[in-house]
Amino acid sequence: MTDRSTHEAAPRRRFLRWLLGGLALLAGAEIAWLVASFLRPRGRGDGTLEDLIVAGHLDEFAPGTVTAFPAGKFYLSRLEDGGLIALHRECTHLGCTLPWSADEGRFVCPCHRSTFDERGRVLGPPATRPLDVLAVRVENGMVKVDPSRRIRRVAYHATQVTRP
């Protein structure tokens with residue numbers, strides 16, 4: 001009787017060894033994939049064509065308007081004087097996503113009520129610094145924004161506005 005139970009246990013042990021080996025290989029492959037994903041460079045962030053978002057033709061943005069670009073996580077603000085500034089959509093207080101309120105003519109943080117104007121300047125606390133900006137360029141009438149590099153700023157300066 002012991003011979004028979006030992007004989008029946010052998011295929012079961014072989015199957016369990018095979019199953020555990022397969023699971024170990026699968027776990028090793030997953031760990032290797034995670035490490036490779038972590039080490040792979042994301043984007044150069046140097047404003048090359050693969051980093052830029054083509055927002056559209058300059059004529060598509062009327063002066064005094066703010067246009068959202070959810071894929072790039074920014075707003076493109078066309079100022080009354082025709083200048084352009086791309087504002088990152090995160091509040092500088094705690095990183096909440098800011099909606100643009102066209103009725104109020106400003107960004108109002110839904111978390112803590114910080115407010116910013118169309119240039120990203122702080123209008124009301126608790127935020128203490130303006131919204132981060134992204135590089136904007138106008139080439140042959142096309143507006144292009146580089147969302148790969150956020151530029152942290154401590155104050156607003158007219159030089160941050162792109163003039164077409």
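One-based numbering along the sequence shown. Note that the structure is a prediction, hence the values are computed from the model and not measured.
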Visitor: Is Glu118 salt-bridged to Arg106, going by a charged N under 4.0 Å from an acidic O?
Guide: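 Not counted as a salt bridge, because no side-chain N and carboxylate O are separated by less than 4.0 Å.
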Visitor: Do Arg119 and Tyr156 pair up side chain to side chain, a donor and an acceptor below 3.5 Å, judged on atom types alone?
Guide: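 On atom types as modelled, these side chains qualify, holding a pair under 3.5 Å.
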Visitor: Please determine whether residues Val122 and Tyr75 belong to a single hydrophobic cluster, defined as Ile, Leu, Val, Met, Phe, Trp and Tyr linked transitively by side-chain heavy-atom distances below 4.5 Å.
Guide: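 In one cluster with Val122: Tyr75, yes.
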Visitor: Supply the atom-to-atom distance Glu139 CD to Leu58 CG, rounded to the nearest 0.5 angstrom.
Guide: 12.5 Å
Visitor: Once rounded to the nearest 0.5 Å, what's the spacing between atom CG of Leu76 and atom CD1 of Ile85?
Guide: 9.5 Å
Visitor: Please work out whether the ring planes of His112 and His93 are parallel, tilted or perpendicular, with thresholds of 30° and 60°.
Guide: perpendicular
Visitor: For Ser148 and Asp146, which I'm curious about, is there any donor-acceptor pair between the side chains at under 3.5 Å?
Guide: yes
Visitor: Can you check whether Cys111 reaches Cys91 side chain to side chain, under 4.5 Å on heavy atoms?
Guide: no
Visitor: Can you find a heavy atom in the side chain of Thr92 that is under 4.5 Å from one in the side chain of Thr128?
Guide: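 Counting from C-beta outward, Thr92 and Thr128 never come under 4.5 Å.
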Visitor: Tell me if a side-chain donor or acceptor on Gln160 pairs with a main-chain N or O of Ala155 at a distance below 3.5 Å.
Guide: yes
Visitor: Treat each ILVMFWY residue as a node, draw an edge where side-chain heavy atoms are under 4.5 Å apart, and state whether Ile53 and Val138 are in one component.
Guide: yes
Visitor: Going by an N to O cut-off under 4.0 Å, is there a salt bridge joining Arg150 and Glu90?
Guide: yes
Visitor: Shared ILVMFWY cluster between Val145 and Val66, side chains joined below 4.5 angstrom?
Guide: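 In one cluster: no.
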Visitor: What about Leu87 and Leu134, same hydrophobic cluster or not, with Ile/Leu/Val/Met/Phe/Trp/Tyr joined at side-chain heavy-atom distances under 4.5 Å?
Guide: no
Visitor: Trp100 and Phe107: aromatic ring centres closer than 6.0 Å?
Guide: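 Judged by ring-centre distance (under 6.0 Å), Trp100 and Phe107 do meet the cut-off.
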Visitor: My understanding is that only one of Leu84, Leu52, Val143 makes a side-chain contact (heavy atoms from CB on, under 4.5 Å) with Arg137; could you say which?
Guide: Leu52
Visitor: According to a hydrophobic-cluster definition based on side-chain heavy atoms being under 4.5 Å apart (Ile, Leu, Val, Met, Phe, Trp, Tyr only), do Val108 and Phe116 belong together?
Guide: no
